[in-house]
Amino acid sequence: MPPGTHEGVGLDDWAHFGRVDKSDLLGRVEAFAQDLAAGWNAARKAAPSFRKGGRFVSSVIVAGMGGSAISGEIVADAFRGHLPVPMAVVQDYGLPAFARRETLVIVSSYSGGTEETLSMFEDALRRGCRIVGITSGGELKRRLKEEGLPCFALPGGVQPRAALPFLLPPVVESLARAELITPKEAMEESIAVAGKIAGACARARPLRSNKAKRVADALAGGTPVVFGEGVLRAAALRWRTQFNENPKVIARDDMFPASNHNDINAWGLDGRAGEFRVVLLRDPKGHPRTARRTELTKKLALRGNAGGIIEVEATGETALARCISAVVLGDLASVYLAIKLGVDPTPVEVISRLKAELAKS
Ligand code: F6R
């Protein structure tokens, strides 16, 4: 058996999940709503030096990598119908040319030690951008302090990707303090929706009535391809990355309606289509033409070609709540798949090894 893998555990044998999920990552996801509420409370009290209003903001950049960037992707999607200025998420060593004095740069690194993020922080400093940091420690915390810049300090001790409920509220609060959004209703609804999904899909709920377990069961043995429509684009990206890091499977993400202009063309002609299990993240409040496109895509491309089609309907009035509902279900499904496959979901040994090698030179 490869290192980090164990005998898989049946999804209704929850008393034995600990044999695989050694650090109880499932418990973290089950507590998503409580963590999001705690994170939101903390964010509203934090970084008092970063007050409401202040300098005019003409654009927003979230500078971060992987699990520390997804919060920016979700917020950018969820508030795109409200944000009066452009918002971009940058995962690289430097910022785009439009980053200048009036740009709010939210530098997000859970560990505070990610080299690309630290490099973007220095770039933002050079360009005189308005900077706020989000971190639990490390070099980023030290540099923010040294430069006298505001910092949302997060609790340490979890994997960055599992810290999403703590990483997301400071992004939202930063936009609120720049007077770009009024997020109270969306945050409160997101906390409520996350609690409902986590409750309905908790470990003790049997497979037959547990959507997250059913999704995991349907995905085992295939390659997940997750489509997010409209504002659920970032949720699909989160599903893909959680499937990469928790059960450690190769996965893809795509989006509607864009996939209608390229991806749709391949399903009937590529002989490998049957290896892929399609997940459609549906937004009941999405554009009606996108809903029609999804139905036609199933008929013309997916049915009879893909190895399976699973549909997940987002819930909530606000776009943020609908994104969070899809994210929580995907997070749970990814951990259930890890347990079923016998892969400890917490360690990300290759990512850690790469960072260690890079640190040597
Ligand atoms: C690990 C994870 C990674 C990290 C990324 C950046 O759980 O999700 O994608 O988030 O390597 O590290 P941080 O978040 O510490 O800046």
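Whatever order the structure lists them in is the order used to number ligands and atoms, beginning at 1.
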Distance from [atom] to nearest protein heavy atom, with residue and atom:
atom	value
atom 14 (O) of ligand 1	Ser68 OG, 2.5 Å
atom 2 (C) of ligand 1	Glu245 OE1, 3.1 Å
atom 12 (O) of ligand 1	Thr114 OG1, 3.0 Å
atom 15 (O) of ligand 1	Ser111 OG, 2.6 Å
atom 11 (O) of ligand 1	Lys355 NZ, 2.8 Å

- Verify the neighbour count for atom NZ of Lys248: are there more than 12 heavy atoms of other residues, nucleotides or ligands below 6.0 Å?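 Correct, the count exceeds 12.
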With a cut-off of 4.0 Å, which atoms of ligand 1 are near a heavy atom of [X]?
X	value
Met65	5 (C), 6 (C), 10 (O)
Arg161	1 (C), 7 (O), 8 (O)
Ser109	13 (P), 15 (O), 16 (O)
Gln159	1 (C), 7 (O)
Tyr110	13 (P), 14 (O), 15 (O), 16 (O)

- Note, Trp40 side chain near Pro183 side chain (heavy atom, < 4.5 Å):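 Touching, per the 4.5 Å side-chain cut-off.
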- Message: Check this for me, if you would: do Glu102 and Arg130 make a salt bridge, where the nitrogen-to-carboxylate-oxygen distance has to be below 4.0 angstrom?
- Response: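 Looking at Glu102 and Arg130, the cut-off is not met.
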- Task: Using a strict 4.0 Å threshold on nitrogen-to-oxygen distance, state whether Glu349 and Arg353 make a salt bridge.
- Result: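 Salt bridge flag = no for Arg353 with Glu349.
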- Task: Would you mind finding which of Gly67, Ser108, Gly138, Gly64 brings a heavy atom closest to atom 10 (O) of ligand 1?
- Result: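 Answer by nearest heavy atom: Gly67.
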Can you measure from [atom1] ([X]) to [atom2] ([Y]) and round to the nearest 0.5 angstrom?
X	Y	atom1	atom2	answer
Thr318	Ile324	OG1	CD1	9.0 Å
Arg303	Asn305	CZ	CG	11.5 Å
Glu311	Leu280	CD	CG	5.0 Å

- Take Arg240 and Asn244 through the test side chain to side chain donor-acceptor pair (under 3.5 Å) and record every step on the way to the result. CA-CA 6 Å; Arg240 194 262 290 164; Asn244 295 154; 3.1 Å; yes
